[in-house]
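Note sheet for the following structure.
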Amino acid sequence: MSAIAERTKEGKRIITKKPELLAPAGNLEKLKVAVHYGADAVYIGGREFGLRSNADNFSLEDMREGVQFAKKYGAKIYVTTNIYAHNENMDGLEEYLQGLQEVGVTGIIVADPLIIETCKRVAPKVEVHLSTQQSLSNWLSVKYWKEEGLHRVVLAREVGLEEMLEMKKNVDIEIETFVHGAMCISYSGRCVLSNHMTARDSNRGGCCQSCRWEYDLYETNENGEKALFNDNDAKYTMSPKDLNLVQAIPKLIEAGIDSLKVEGRMKSIHYVATVTSVYRKVIDAYCADPDNFQIDKAWLDELEKCANRDFAPQFFEGKPTFEEQMYGNHPKRTKFDFAGQVLSYDEETSIVTLQQRNHFKSGDEVEFFGPEINNFVQKVDVIWDEDGNEIDAARHPLQIVRFKVDKPVYPQNMMRKEVR
């Protein structure tokens with residue numbers, strides 16, 4: 001029996017139940033961008049009980065607005081409550097969970113058993129999803145959490161495709177897995193490098209990403225220190241390449257994985273928009289005609305435009321080797337700056353009004369993209385400021401400017417510029 005819902009139309013196989021595309025949002029603006037660019041669901045952090053304490057994070061009123069916005073598009077909101085709680089963290093937990101239920105979030109993502117049991121008791125309408133912080137990596141553990149009444153489990157980033165298939169075969173529960181974004185050098189949720197080096201608890205929202213630092217190796221003895229490195233040795237010895245499973249989407253869909261998750265609540269709206277839109281296109285294209293599906297190189301190129309590090313499939317098809325780690329200096333990559341966000345477009349004059357996000361000037365070549373348009377390149381000609389004065393460049397943060405474009409654009413479309 002197939003693990004997926006499908007039908008045949010005019011002799012062509014069509015997948016009728018697509019996996020959920022789950023995007024990150026560190027604030028309300030990013031939430032709206034994620035939904036606009038095709039996310040089926042968005043995960044966010046509140047101001048308590050969650051990791052990523054450096055993200056903007058949401059008040060309950062922000063969540064209420066986010067939920068109402070998402071519902072207009074048929075999207076869901078999940079809230080991370082995935083700290084490992086100490087005694088001092090528990091004050092106000094019941095009231096907080098009841099508040100999440102009242103504002104209408106669909107579910108919470110949680111690691112601590114006490115928070116799980118408390119939510120089931122005081123906020124029973126809220127789905128409970130097991131966080132990747134639990135490093136879930138075998139089907140018997142999946143079965144245990146199913147029997148505990150959880151709606152979904154988020155797998156450890158270290159789980160491969162064959163293990164996912166075994167889980168789906170043996171347990172009837174929703175499975176969510178990461179498909180894109182940063183990797184942890186340790187098992188997810190098990191690292192204490194940050195605690196040791198900076199006294200910032202990585203499992204209570206304070207990770208300083210110690211594994212991304214440059215390191216030199218020394219031996220210490222009674223005579224002092226002896227360098228065990230040369231000046232030309234690799235510096236980034238613990239920095240994993242970023243996960244990228246866009247070409248594995250067909251395998252994940254055929255395996256019946258329920259939710260495909262993008263990492264990056266602290267990333268920019270340019271990152272959220274770019275990655276969400278690419279995965280949306282791939283999922284839709286495969287489900288519409290799986291037997292004739294082919295990866296479009298343009299999709300792969302698009303993901304490169306917001307990449308921070310090299311990509312790798314990591315654990316998906318086997319154990320990663322040294323090839324999946326960053327060594328030496330980070331290689332130079334094609335880099336694009338997020339230059340502006342479209343506010344409006346005048347069809348009669350072909351003039352776009354946009355909000356500047358990074359410096360650009362007359363004569364620059366820029367690229368527009370968005371869910372309503374095909375990417376196109378445009379040379380910027382005359383620029384006017386908000387008062388109609390001609391200016392040579394948009395150099396002020398969030399400046400409102402106007403100029404002519406060759407093709408129609410739409411609100412929330414974005415403009416990027418290659419950094420040469």
Side-chain angles (χ1 to χ4, degrees), residues 21 23-24 26 52 132 155-161 177-188 191 193-194 202 207-217 229-252 260-282 295-338 358 367 369 375 416-420:
L21 175 57
R52 297 295 180 267
T132 192
L155 302 183
R157 287 173 171 86
E158 296 76 23
V159 173
L161 175 61
T177 190
F178 282 90
V179 294
H180 197 93
M183 294 289 292
C184 185
I185 191 65
S186 173
Y187 265 81
S188 301
C191 181
L193 280 175
S194 177
S202 55
C207 180
C208 66
Q209 296 193 319
S210 309
C211 59
R212 310 296 192 212
W213 298 356
E214 295 183 13
Y215 286 93
D216 293 324
L217 185 62
F229 65 94
N230 298 315
D231 289 341
N232 60 348
D233 280 351
K235 298 287 188 181
Y236 296 98
T237 49
M238 289 196 295
S239 186
K241 294 179 180 178
D242 280 358
L243 177 67
N244 180 342
L245 293 183
V246 70
Q247 298 191 70
I249 293 301
K251 293 181 180 178
L252 287 160
L260 308 179
K261 187 172 193 172
V262 175
E263 182 273 341
R265 280 196 285 135
M266 298 180 71
K267 299 286 182 68
S268 69
I269 63 170
H270 176 243
Y271 171 91
V272 172
T274 302
V275 176
T276 302
S277 65
V278 170
Y279 278 86
R280 177 77 277 153
K281 291 171 184 175
V282 176
I295 282 284
D296 188 336
K297 185 177 181 298
W299 298 334
L300 307 182
D301 293 341
E302 186 79 357
L303 289 176
E304 294 283 350
K305 294 175 182 177
C306 67
N308 293 323
R309 292 180 284 270
D310 278 344
F311 290 131
Q314 297 298 352
F315 290 83
F316 184 71
E317 293 181 347
K319 292 182 180 179
T321 68
F322 69 93
E323 296 288 351
E324 281 68 51
Q325 295 291 112
M326 302 288 292
Y327 289 101
N329 294 323
H330 289 190
K332 292 183 179 179
R333 305 176 60 86
T334 302
K335 186 177 186 299
F336 286 76
D337 274 342
F338 171 34
N358 269 297
E367 180 184 31
F369 73 99
N375 291 26
R416 57 165 74 104
K417 183 186 72 170
E418 186 172 1
V419 179
R420 301 183 186 277

> Do the non-hydrogen side-chain atoms of Lys281 and Glu302 ever get within less than 4.5 Å of each other?
Replying inline: no

>> Side chains of Val282 and Trp299, heavy atoms from C-beta outward: is any pair under 4.5 Å?
In response: yes

>> Working to the nearest 0.5 angstrom, can you tell me the gap between Arg416 CZ and Asn358 CG?
In response: 13.0 Å

> Does Ser277 have any side chain to side chain contact (heavy atoms under 4.5 Å, CB included) partners at least two apart in sequence or in another chain, and if so, which?
Replying inline: Tyr37

>> Do Phe178 and Leu245 have side chains that approach each other closer than 4.5 Å (heavy atoms only, starting at C-beta)?
In response: no

>> Measuring from atom CG of Leu300 to atom CZ of Phe311, what distance do you get when rounded to the nearest 0.5 angstrom?
In response: 9.5 Å

> Relative to the ring of His180, is the ring of Tyr271 parallel (under 30°), tilted (30 to 60°) or perpendicular (over 60°)?
Replying inline: tilted

>> Could you report the tightest heavy-atom contact between Thr274 and His270, atom names first, then the distance?
In response: OG1-O, 2.8 Å

>> As an exercise, state the distance from NZ of Lys305 to CD of Glu367, rounded to the nearest 0.5 Å.
In response: 3.5 Å

> CG/Asn244 to CG/Asp310 distance, rounded to the nearest 0.5 angstrom?
Replying inline: 11.0 Å

>> List the residues meeting side chain to side chain contact (heavy atoms under 4.5 Å, CB included) with Glu317, not counting sequence neighbours, and say none if there are none.
In response: Lys251

> Roughly how far, to the nearest 0.5 Å, is CZ of Phe336 from CD of Glu418?
Replying inline: 4.0 Å

> Does Val179 reach the side chain of Val246, with side-chain heavy atoms less than 4.5 Å apart?
Replying inline: no

>> For Ala182 versus Asp242, what's the shortest heavy-atom pair and its separation?
In response: CA-OD1, 3.5 Å

> Within a strict 4.5 Å, meaning less than it, do heavy atoms of the Lys261 and Thr132 side chains meet?
Replying inline: no

> Of all residues at least two apart in sequence or in a different chain, which pass the side chain to side chain donor-acceptor pair (under 3.5 Å) check with Asp296?
Replying inline: none

> Roughly how far, to the nearest 0.5 Å, is the CG atom of Leu243 from the OG1 atom of Thr177?
Replying inline: 8.0 Å

